[in-house]
Amino acid sequence: MSLSEQYAASLSAETVVVAAGRPARERDEPVNPPIVLSSTYFGTGALGDGDRGYGRYSNPTWDPFEEALGQLEGSELPGLLYASGLAAVSSALSLLPAGGVLVMPSHSYAGSLVMATELAQKGFLELRTVDITDTDAVKAQIAPQGPDAKAARMLWLESPTNPMLGIADIRELTAAAHRVGAIVVTDNTFSTPLVQQPLSLGSDVVLHSVTKYLAGHSDVVLGALVTSNPDIRAALLHHRIIHGGIAGPFEAWLALRGLRTLALRVERSQGTAAVLAERLSRHPLIDGIRFPGLPTDPGHERAKTQMSGFGSIVCVQIAPVAGLSGAEAADKLVRALQLWLPATSLGGVESLIERRRRHAAEPLSVPDNLVRLSVGIENIEDLWADLKQALDSLGR
Ligand SMILES: *Cc1c(COP(=O)(O)O)cnc(C)c1O
C-alpha cells in the first residue's frame, strides 16, 4: 500500500480514486501496478492464509482495485473482484442458506432476477419479489409468512432500480431486515460509491457491475463485492475460489485505470443528465420521464436522504405518434440518432440508449415504450441536439 492507512482514511473519495492502490513510494517503483500473468506462485512450505498459492485464489493485479473499492465504500476490508457483475450476484446469493427466503425488487436488474427465479424453480431458495419503493410492502415480505412462518434470510436492494429508477428506503428496509436476522445486499451499480454508500446505510454487502461506471469505458466485463464483515468476506472469498468466477489480470488492470477518472466522469455525466432530463420532460413527445433529480419524480425526496447526487441514467416513455405505437416510435427514435449509441449497458464515457423491452427477459411491467439513456461525458449541446433532431423526426 502506497499511503499510510490513517492518511488514506482522511482523504476524500475524489482523491481516493486517483491515489489508492499505487505501488510503494520507493525509488524506481513504477507509479502504476504491473499486470501479473501467472497461474501459480513459487512456494515450498505448507500453504497458509495469505499465501497466494494458485491463480484462482489470488492475483496481485486484483489487489489495488480491491483496496481502492473497499476504501471508497467505507470498508476497512478490501473488496472482491469477480469475472462479471453476475458472478458477484451468484457469490452474494451463496450467502443464503438452502431454502431460505430471498426478498428482491420486482424491478431488479434482469439478470439478477432471472438467476433468483431459476434458483427458486429448482427449490434452492424461496423468492418473494416486491415493489421496492413501497416500504410497507417490503416489510410485509420480510416478515414471517406461510405455513412454516418463514421470515426473509436475505434482502436484496437495488436503488435506483434498473430501469425504473425506483428509490428504496435503504436505512429503513435494512433495519427491518436485520430485525429478523436477514443479510442485506445492495446493488450499487447505478450510483457508484461517490453518490451512495450502502454500508453506511446499514447494508452488509455492496455489489457492483464494475463493467459499468467503475471501469467506465465499455471495454471490460467485471463485478465486485464489498463488505466490512470479516466472516462474510471469508465466505465470499471461499465461494470465489471454489466456484471460480475470478477476474482476468488485464481486466482488473483496466478497471483500476478506469477508476482513476471516476470522480470526473460521474460529476460530468450527472450534471449533463440533470439538464437533459429537464429539457426532455418539456418535450411534447415524452410521455413520462423517470429521473430522481427531477423535483416532480416520485423518488426525489427519498433519494436526497441517501444519495449525494442523482446519477446519470434517465428513462423516458415515448408517446404514440404519426400512426406508430409508443414502442414503434421509441424504436424509430433510437434509429434516428447519430451520436447516441444504440446499445445495451451503461456507465461508459459514451452515451448509450436502448428500448429496454427489446430484451425478452425484461419484466413485462417495464413499459414497452420505455427508453433508457445512459448519459456519457460528451458535450451537452451535441447530446441534446441529437436527441432533439431524432424526437422532432418522429412526427414525419
Ligand atoms: C449490468 C448490471 C449487472 C450485471 O453485471 P455484468 O457485469 O453485466 O455481469 C448487475 N446489476 C446492475 C444494476 C447492472 O446494471
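First listed ligand is number 1; within each ligand, the first listed atom is number 1.
- Salt bridge status for Glu278 with Arg282: present, with a side-chain N to carboxylate O gap under 4.0 Å.
- Taking the ring centroids of Phe310 and His300, they lie under the 6.0 Å cut-off.
- Note: Tyr57 and Tyr54 have perpendicular aromatic rings, judged against thresholds of 30 and 60 degrees for the angle between ring planes.
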Under 3.5 Å: N or O atoms of ligand 1 paired with protein N or O:
from: ligand 1; atom 1: 5 (O); to: Ser209; atom 2: OG; distance (Å): 3.0
from: ligand 1; atom 1: 7 (O); to: Gly85; atom 2: N; distance (Å): 2.9
from: ligand 1; atom 1: 7 (O); to: Ser209; atom 2: OG; distance (Å): 2.8
from: ligand 1; atom 1: 7 (O); to: Thr211; atom 2: OG1; distance (Å): 2.7
from: ligand 1; atom 1: 9 (O); to: Gly85; atom 2: N; distance (Å): 3.0
from: ligand 1; atom 1: 9 (O); to: Leu86; atom 2: N; distance (Å): 2.9
from: ligand 1; atom 1: 11 (N); to: Asp187; atom 2: OD2; distance (Å): 2.6
from: ligand 1; atom 1: 15 (O); to: Lys212; atom 2: NZ; distance (Å): 2.8

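- With respect to Glu328 and Arg357, no salt bridge is recorded, no charged nitrogen being found less than 4.0 Å from a carboxylate O.
- Phe250 meets the ring pair (Phe, Tyr, Trp, His ring centres under 6.0 Å) test with no other residue; sequence neighbours excluded.
- Put simply, the residue from Arg356, Arg372, His107 that forms a side chain to side chain donor-acceptor pair (under 3.5 Å) with Asn162 is Arg372.
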